[in-house]
Amino acid sequence: GRGGDGLERLVVRQCRRLSDCRGHHGLWQHLFPAGRRLGLWPGRRRTRRTRGQDLLQDRKGGLWIGRSHKGLWSYQDGRALRHGHEFPVRLNPDESTVDTFYEDRSGRLWISWDSKVFCGRENTWSIISNQKGFPREGVRAIFEDAAGAFWFGTFDGGVVRLRDDRVSVFTVGQGLPSNRVWAFHQDRTGALWMGTEAGLCRFKDDRWFSFENKHGFRERIVNHVLEDKFECLWLSGLRGIYCVQRAELDAIAEGRKELAHVIGFGEGDGMLNSETNGERQPAGCATQEGLWFPTTKGLVLIDPNVAGQ
């Protein structure tokens, strides 16, 4: 979104503007970077504008909104609701910020709010982050793996794994490239990929491997990780968006190769600005149309079918 100037779509080396996207059911518009205003237009009736930082639409169609220093709100059945009183600890919505949302496979909602992590449904919530060993640093990414374990990426406390009610913490001492972890992705082989402030990391068979510039990467920061149907990983950073075959990264991690072929995309390919947003999830998503990434100048849509050519 470009603040009133339309929506940009990236087709490799060709950028075109999409036509008017207003629909009969209303338009939800989230402008980046975080902190700019979030405009809500349900149907034809326009509600008051608010500053939004994080959004999540649950499987029931409800919209959850994390407002900067205004706490947690939801929009359900045409009504805006403010939350906080139903949580097990005292929260001050006017002085707290929601960092991220996540809905697991069972439909439970996970919320990182005011440096605490909560899990629940509707009006029944429990606090997760008070378990022994859980770091106090704010959680910026939450993920449920194929085995049902939950992973939490923190601002400066590394990665937390919650499995069978047991908390395990992994930091640079165990192999992470940075204690600031922004994103998770699990591939079909079970390997877990993490985007951090100091590069991409793979966790597989209880072994960690951190990728460096010497492996073919042009920068270290990874804001988000997506995978397309061709088994290529797409990584967003501060100087562009990068594509690399996952098989090449596996070969490097397993000592069968030293250098990966990494393709970069930036302003020369149609992006208005090469810097993508991150430090909170989600900083990208995959849809039938392609791969979406937020940047400092709007949303970028990449079609892997075209990019692969």
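Computed from a predicted model, the values in this text were never measured in an experiment.
Annotation for E258: atom CD does not count as buried by contact number, only 12 or fewer foreign heavy atoms lying within 6.0 Å. Atom CG of N213 is surrounded by more than 12 heavy atoms from other residues, nucleotides or ligands within 6.0 Å. Counting heavy-atom neighbours within 6.0 Å of R79 CZ, excluding the residue itself, gives a total of 12 or less.
Between F170 and W208, the distance from one ring center to the other falls under 6.0 angstrom. Checked against a 6.0 Å centroid threshold, the rings of W113 and F101 do not count as neighbours. For F87 and W125, the ring centers sit closer than 6.0 Å to each other. For an aromatic pair to be called close, the ring centres must be under 6.0 Å apart, and W193 with F143 fails this. The aromatic ring centres of W234 and H224 sit 6.0 Å or more apart.
A side-chain donor-acceptor contact under 3.5 Å links S274 to the backbone of E267. Judged by distance alone, with hydrogens and angles left aside, the side-chain atoms of T154 form a donor-acceptor pair with the main-chain N or O of G158 at under 3.5 Å. In this structure, the side chain of N179 engages the main chain of V172 through a donor-acceptor pair within 3.5 Å. Checking side-chain atoms of E103 against main-chain N and O of R59 turns up a donor-acceptor pair under 3.5 Å. In this structure a side-chain-to-backbone donor-acceptor pair under 3.5 Å is missing from R140 to G153. The closest donor-acceptor contact from the side chain of Q281 to the backbone of W182 lies at 3.5 Å or more, if one exists at all. For the pair D205 (side chain) and R207 (backbone), a donor-acceptor distance under 3.5 Å is absent. In this structure a side-chain-to-backbone donor-acceptor pair under 3.5 Å is present from D58 to K60. Formation of a donor-acceptor pair under 3.5 Å by the T276 side chain with backbone atoms of G237 is found in this model. For the pair D187 (side chain) and T189 (backbone), a donor-acceptor distance under 3.5 Å is present.
For the pair R202 and F209, the NZ or CZ position fails the cation-pi test of under 6.0 Å to the six-membered ring centre and within 45 degrees of the ring normal.
Across all non-hydrogen atoms, the minimal contact from S74 to W64 is CB-CE3, 3.8 Å. Between A283 and N223, the closest heavy-atom pair is CB-O, 3.9 Å. Closest non-hydrogen pair, P135 versus V160, comes out as CD-CG2, 3.3 Å. Here the closest heavy-atom approach between residue W151 and residue D145 is recorded as NE1-OD2, 2.9 Å. Closest heavy-atom contact between L176 and S210: C-OG, 3.8 Å. In terms of heavy atoms, V117 sits closest to S129 at N-OG, 2.9 Å.
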Verdict with supporting geometry, R220 and E212, salt bridge (charged side-chain N to carboxylate O under 4.0 Å, His left out)
CA-CA 7 Å; R220 299 296 298 276; E212 304 177 14; 5.6 Å; no
Before giving the answer on salt bridge (charged side-chain N to carboxylate O under 4.0 Å, His left out), spell out for R239 and E275 the whole-Å C-alpha distance, their side-chain angles and the decisive distance to 0.1 Å.
CA-CA 5 Å; R239 299 202 296 269; E275 182 178 346; over 6 Å; no
Kindly determine whether T296 and N273 satisfy side chain to side chain donor-acceptor pair (under 3.5 Å), including the steps that lead there.
CA-CA 7 Å; T296 58; N273 190 291; 3.3 Å; yes
As a quick check of understanding, evaluate side chain to side chain contact (heavy atoms under 4.5 Å, CB included) for L56 and L63, giving each step before the final call.
CA-CA 6 Å; L56 180 137; L63 188 71; over 6 Å; no
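The ring-ring contact (aromatic ring centres under 6.0 Å, His included) check on F150 picks up W110, with sequence neighbours excluded. With sequence neighbours excluded, the residues forming a side-chain hydrogen bond (donor to acceptor under 3.5 Å, both in side chains) with T171 are Q174, listed by chain and number.
Screening Q186, R108, R105 for a side chain to side chain donor-acceptor pair (under 3.5 Å) with E144, the sole residue that qualifies is R105.
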